[in-house]
Amino acid sequence: MINLATDLQTEQLMNDIHHAQFKSHKLNDATIELTKRCNFKCIHCYIEDKENERDLDFEKAVSLIDELAGLGCLSLLFTGGEPLLHPHFKEIWEY
């Protein structure tokens, strides 16, 4: 069962956070592409060479996360290709 009042309160809270972030010139959200490798063969995919691309280094990923946190980033999306194929995905996600 959906609690409309709670959903509206949550939406209002998120709107307030986004507005405060915008007013303070803080970064709200960001995306990090961990890899272009992918184990799917989607016909709509824009990545041409999915197998021979290098992954983002673990150290670089952690450095980016630290930098984004310093900018006030509240939400981080990991993408790719298929980000779960990154050899250090679990460690990066946990970091």
For A30 and C73 the tightest heavy-atom approach is N-SG, 3.8 Å
When rounded to the nearest 0.5 angstrom, what distance separates CD in E33 from CG in D55? 10.5 Å
Value for CG (N28) from CG (L71), rounded to nearest 0.5 Å, stands at 12.0 Å
Just how far is it from atom CE of M14 to atom CG of L74, taken to the nearest 0.5 Å? 7.5 Å
Here the ring-ring contact (aromatic ring centres under 6.0 Å, His included) pairs for residues 65-84, sequence neighbours left out, are none
Pair F89-L85, side chain to side chain contact (heavy atoms under 4.5 Å, CB included): steps then yes or no: CA-CA 7 Å; F89 177 80; L85 291 178; over 6 Å; no
Determine the minimum heavy-atom distance between G81 and C38, stating which atoms define it. CA-CB, 4.1 Å
Joint hydrophobic cluster, L34 plus L77, side-chain heavy atoms closer than 4.5 Å: no
Could you walk me through whether L56 and L64 pass the side chain to side chain contact (heavy atoms under 4.5 Å, CB included) check? CA-CA 10 Å; L56 184 64; L64 285 170; 4.0 Å; yes
On a heavy-atom basis, the closest approach of I92 and A61 is CD1-CB, 3.8 Å
Does some side-chain heavy atom of I65 sit less than 4.5 Å from a side-chain heavy atom of I32? yes
Sorted by chain and number, sequence neighbours left out, side-chain hydrogen bond (donor to acceptor under 3.5 Å, both in side chains) with E11 holds for none
Under the side-chain hydrogen bond (donor to acceptor under 3.5 Å, both in side chains) definition, can you give me all pairs with a residue in residues 72-95, not counting sequence neighbours? D66-Y95, K90-E94
